[in-house]
Amino acid sequence: MKTEAAEAGERPPVSEETPAGSEDGPASEDQKDAEALEDATETEAPEETEASEEAEESEERGDPEEPDISGDDDPSATAVFRIPVLTPKPEDTPDVADISGDDEEPDASIVDTSVLGSSVTDSSVVDSSVVDLPGVTDTEPLTRPEPEPEPDEGDDSEAETTAEVRLPARRLAESPVTGQETEQEAGRQAVQDVTQDVRVPAPVPRPHVPWTERLARSATAWLPPLLTIEGLIMYVLALRVAPGPLRGVDLTHIDGLGLISALPVTSFVAILLMITAFFVTIAQNTDRKFLLLFQLAVITFALHGAAALIEDTPRFHTAYVHAGFVEFINRTGTSSPILDARFAWPGFFALVAFVTKAAGVTDLTLILRWTPLLSNLLYLLPFVLILRQVVATTRARWFAALLFILVQWIGQDYFSPQGFTYAIYLAFVAIVLRWFGRVEVRDGAMPAKGRVRRLLARLDGLTPGELARPTGVYDRSIMLIVLIVLFGTATASHQITPFMMLGTLTGLILLRRSSLSWALPFFLGLIVLAWISYQTVTFWSGHIDELFGGLGRILENLQRNTGDRIEGSDSRHALVLMARLGICAVILLLAAIGLLRRLFRGVGDRAALLLLCVPVLALALQSYGGEIGLRIYLFALPGACILAAYAFFPNLPAGTAEAPDETVPIRRRVIRLDPLLTRRISLLLAAGCAMALSLSFLVARYGNEQFERVSNDEVQAMHYVYGHDKPSGRVLFLVPIIGPEVTPTIPWGERDFDKIEYQQVLVDKNPEQLSSVIDKFRVSPPNTYLVASRGQAAYLQLNHGFPADWAQRFRAALDTSPELKRVFNSKDAAVYTLKTYPKNAEIPQPRPLTGFGDRGSPMTPIGLGALGVTWIALFVYELQRLRDPGRVSKARRRILFVAVPAFLLAVAVIVERFIVIGFNQLQ
């Protein structure tokens with residue numbers, strides 16, 4: 001602010017803040033500039049020398065230095081203005097004196113308070129730099145600032161370093177006023193040119209850093225993807241190159257342990273390298289989604305794509321019969337439950353038939369070969385979406401995704417309806433949690449009495465382990481339609497998956513983790529009942545006991561899925577079966593530990609616990625061919641993996657100063673480890689667990705490779721049968737025990753599924769004993785063939801204790817038999833038939849494809865009408881509730897008055913159909 005004394009060119013009076021030790025006080029900056037312009041070659045005036053000495057004394061005392069502003073008529077000249085760099089001040093640093101002026105001091109115009117602000121005085125200085133504002137030239141100022149005193153070494157907190165801000169000096173306008181007043185006005189005008197931009201902290205110039213050091217600093221960014229790609233290349237080369245000491249795979253070396261016995265050492269190193277890269281990434285506490293998804297995809301490729309890399313033909317014999325179903329639908333345009341019960345749920349086969357026929361694909365070999373890998377990659381997408389809905393740290397979420405890959409060993413991901421509908425199940429759960437999630441925390445008072453009530457109230461008061469993201473009515477209406485379509489597709493494709501989906505949805509609504517109403521479970525449940533009652537009559541009308549006979553037989557079903565699979569195996573293959581049970585036990589144990597650790601932190605993971613427990617209820621249904629345990633394990637994996645990840649990373653995400661990435665629980669004990677140390681230990685333990693599970697996975701998943709592997713010789717042997725099955729044919733496959741649920745261990749049913757019958761023939765551990773084989777041939781018509789293959793012999797050896805050389809001796813006995821002749825021969829398979837048949841023997845016609853007539857009931861038309869009314873009413877009710885979830889309107893009450901009676905009538909007709917049609921079948 002200008003004063004009268006300043007305008008007259010007089011020396012301003014000394015203020016109260018003038019440093020002691022000077023008679024006249026320091027000379028004003030305007031006077032200094034004027035004297036410098038008048039005589040640049042003269043020596044410094046005595047008062048200037050005294051002012052400089054006083055300024056140095058002021059700097060030694062820590063007083064702030066006043067700015068030095070210079071300017072002349074030259075437009076390229078610059079003014080230098082010193083301000084402290086804005087940096088956080090340590091708590092123990094004393095406050096710096098305010099250098100901004102006020103209206104009462106004549107020198108206030110030299111230091112503009114609008115430029116510096118109060119924040120300048122509250123900052124400590126850490127470095128010096130030069131900031132050139134716009135319009136600044138590189139010309140040196142006429143008057144250089146006084147050098148700053150160097151800070152004392154060892155006391156960095158008190159060191160002051162300033163930034164030079166060079167301002168363009170304004171050209172002096174021609175004025176009749178000359179002399180010192182003109183120069184003072186120019187100096188003041190230069191200060192006024194400083195704007196608020198000066199308050200931006202001056203950037204610190206980066207020192208030159210060698211490229212090696214820069215590369216080392218950025219290692220966290222480039223090292224994980226580099227290790228991942230390196231491990232992938234190493235793995236592919238280890239499996240695809242010619243067999244050698246440390247590389248390549250020789251399939252003849254596979255023994256009772258499965259594929260792991262033939263893998264080279266470098267393949268294991270590559271897998272461990274990829275897993276290490278994954279943990280290096282999650283150790284950074286940053287959610288690098290694309291990199292983590294890429295690493296998970298690479299690990300999935302290494303584990304679930306190993307067989308496709310090594311073997312030239314699709315593995316697993318049942319995949320070939322599913323390809324035969326697709327071929328039958330493409331050839332006939334229909335499905336026939338008479339041929340196989342799976343044709344009663346033809347959704348998957350019809351979809352593949354439509355797509356392949358539209359694309360002109362006739363050979364499904366490539367699809368069958370890569371389906372396991374593609375299925376597991378497809379499973380990752382909805383499961384990652386499910387993980388985004390849980391309240392957990394980044395490490396916990398991505399580690400759960402890794403566990404989901406490592407423990408999915410049961411092999412239900414091949415070309416099959418269950419593999420297809422499992423992806424639908426995961427998508428269904430992800431949509432319910434993402435678009436219809438609900439989180440409620442109890443905030444009321446605890447009940448006064450009742451232990452059970454108080455326990456339930458305490459559980460309600462836990463922090464929810466799920467997220468509820470608000471979405472619009474339009475989005476939820478669209479996703480409601482998607483849910484119904486997914487459920488209908490699963491209902492038409494598989495027997496068990498719809499019940500898993502329905503149980504999960506009902507449980508989420510019951511546990512208040514879904515905003516959907518009870519109308520939707522009734523809507524979907526009626527779809528399942530209607531499909532079974534109206535579309536699978538051919539199947540259940542003749543298999544009532546098979547459909548409902550397993551209800552309530554929990555212990556029997558469990559025994560058929562565990563003990564029966566271990567008993568009778570050889571010693572090496574028993575290790576494979578024990579490894580499978582061990583993985584199951586480990587993941588369940590980790591899930592229990594994770595659940596407890598979250599409860600100790602006050603978190604209730606209802607959704608994850610529900611996903612784990614609901615599939616167990618399927619034990620009360622039926623044995624499902626002795627494989628219901630595998631299905632339960634498969635559907636329980638999402639919840640088990642989420643809870644198992646909490647065993648290592650149970651904390652909640654937070655942003656505190658103590659733990660920037662996760663919460664730290666309050667422990668009652670006095671001794672407490674450093675949170676950073678515990679997180680590092682947890683990370684190391686999780687990495688060790690993942691590496692151990694990855695090696696166990698290779699044993700559990702590919703332990704049956706000796707007989708689940710299909711060679712090209714076996715495929716060609718079946719192709720010979722397909723070429724000689726006109727008008728029909730029969731294939732005899734080897735079994736140790738005659739039973740209704742024995743699956744052939746040959747690539748059966750790939751073609752002409754309606755023309756060939758597959759029948760069992762009993763064989764003995766003594767390979768020379770051929771009486772049962774000869775007898776079976778004698779009672780069979782022409783075009784009956786016996787297929788002796790390597791896969792069947794391996795199955796008998798590993799699971800039923802047949803001798804190791806049984807295959808060679810059995811084929812030798814068949815070759816020397818006088819009643820049999822060999823019509824096809826190769827290394828891994830041979831086809832035999834009778835030498836002569838009776839002259840009047842005829843080849844029968846194929847089985848009829850039609851049903852057993854009309855299987856309706858008197859109430860069937862009424863039931864169909866009730867179904868339509870019920871579905872429409874319940875769907876409209878759910879849409880109305882999405883628009884106004886807060887209250888029950890009159891329109892919704894009216895809809896219920898229509899839906900409830902129609903639902904009861906539809907269910908009554910379904911029950912009537914089971915009774916009438918089942919009773920007629922018994923007669």
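Heavy-atom basis, side chains included; hydrogens, waters and symmetry copies ignored. Position 1 is the first residue of the sequence, and the numbers go up from there.
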Q: Lys289: which residues meet the salt bridge (charged side-chain N to carboxylate O under 4.0 Å, His left out) condition with it, sequence neighbours left out?
A: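 Asp287.
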Q: Pair Thr471, Phe436 - check side-chain contact (heavy atoms from CB on, under 4.5 Å), show working.
A: CA-CA 8 Å; Thr471 54; Phe436 302 97; over 6 Å; no
Q: If you draw a 6.0 Å radius around OH in Tyr534, do more than 12 non-hydrogen atoms from other residues or ligands fall strictly inside?
A: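 Yes, because the 6.0 Å sphere around OH of Tyr534 holds more than 12 heavy atoms from other groups.
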Q: Can you name the side chain to side chain contact (heavy atoms under 4.5 Å, CB included) partners of Ala579, sequence neighbours left out?
A: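 Counting only residues at least two positions away or on another chain, Ala579 forms a side chain to side chain contact (heavy atoms under 4.5 Å, CB included) with Val699.
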Q: In a table with atom names and distances, give each donor-acceptor pair under 3.5 Å that connects a side chain of residues 296-313 to protein atoms at least two apart or in another chain.
A:
from, atom 1, to, atom 2, distance (Å)
Thr300, OG1, Leu296, O, 2.7
His304, ND1, Asn376, ND2, 3.2
His304, ND1, Arg701, NH1, 2.9
His304, NE2, Ile405, O, 3.2
Thr313, OG1, Val710, O, 2.3

Q: What residues, two or more places apart in sequence or in another chain, satisfy salt bridge (charged side-chain N to carboxylate O under 4.0 Å, His left out) together with Arg709?
A: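 Arg709 satisfies salt bridge (charged side-chain N to carboxylate O under 4.0 Å, His left out) with no residue once adjacent residues are dropped.
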Q: Do Gln418 and Thr497 pair up side chain to side chain, a donor and an acceptor below 3.5 Å, judged on atom types alone?
A: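 No.
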Q: For residues 632-642, pull every pair meeting side-chain hydrogen bond (donor to acceptor under 3.5 Å, both in side chains), keeping only residues two or more places apart or in separate chains.
A: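 Residue pairs passing side-chain hydrogen bond (donor to acceptor under 3.5 Å, both in side chains), neighbours aside: Trp409-Tyr633.
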Q: Salt bridge (charged side-chain N to carboxylate O under 4.0 Å, His left out) with Arg512: which residues, sequence neighbours excluded?
A: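 Counting only residues at least two positions away or on another chain, Arg512 forms a salt bridge (charged side-chain N to carboxylate O under 4.0 Å, His left out) with Glu440, Asp460.
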Q: With sequence neighbours left out, what residues match Phe648 under ring-ring contact (aromatic ring centres under 6.0 Å, His included)?
A: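 ring-ring contact (aromatic ring centres under 6.0 Å, His included) list for Phe648, sorted by chain: Phe399.
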Q: Between Ile628 and Ile496, is any pair of side-chain heavy atoms under 4.5 Å apart?
A: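 Ile628 reaches Ile496 side chain to side chain.
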Q: Which residues pass the side chain to side chain contact (heavy atoms under 4.5 Å, CB included) test with Pro314, not counting sequence neighbours?
A: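 Pro314: side chain to side chain contact (heavy atoms under 4.5 Å, CB included) contacts with Tyr320, Thr365, Leu368, Arg369.
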Q: Among all residues two or more places apart in sequence or in another chain, which pass the ring-ring contact (aromatic ring centres under 6.0 Å, His included) test with Phe415?
A: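 Counting only residues at least two positions away or on another chain, Phe415 forms a ring-ring contact (aromatic ring centres under 6.0 Å, His included) with Phe348.
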Q: Using the test salt bridge (charged side-chain N to carboxylate O under 4.0 Å, His left out), find all partners of Glu714 that sit at least two apart in sequence or belong to another chain.
A: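 Partners of Glu714 under the salt bridge (charged side-chain N to carboxylate O under 4.0 Å, His left out) test: Arg790.
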Q: Could I get the full list of side chain to side chain donor-acceptor pair (under 3.5 Å) partners for Tyr758, not counting sequence neighbours?
A: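 Partners of Tyr758 by the side chain to side chain donor-acceptor pair (under 3.5 Å) criterion come out as none, since no residue qualifies.
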Q: Applying salt bridge (charged side-chain N to carboxylate O under 4.0 Å, His left out) as the test, list every pair that has at least one member in residues 344-356; sequence neighbours left out.
A: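 Checked against salt bridge (charged side-chain N to carboxylate O under 4.0 Å, His left out) - neighbours excluded - no pair reaches residues 344-356.
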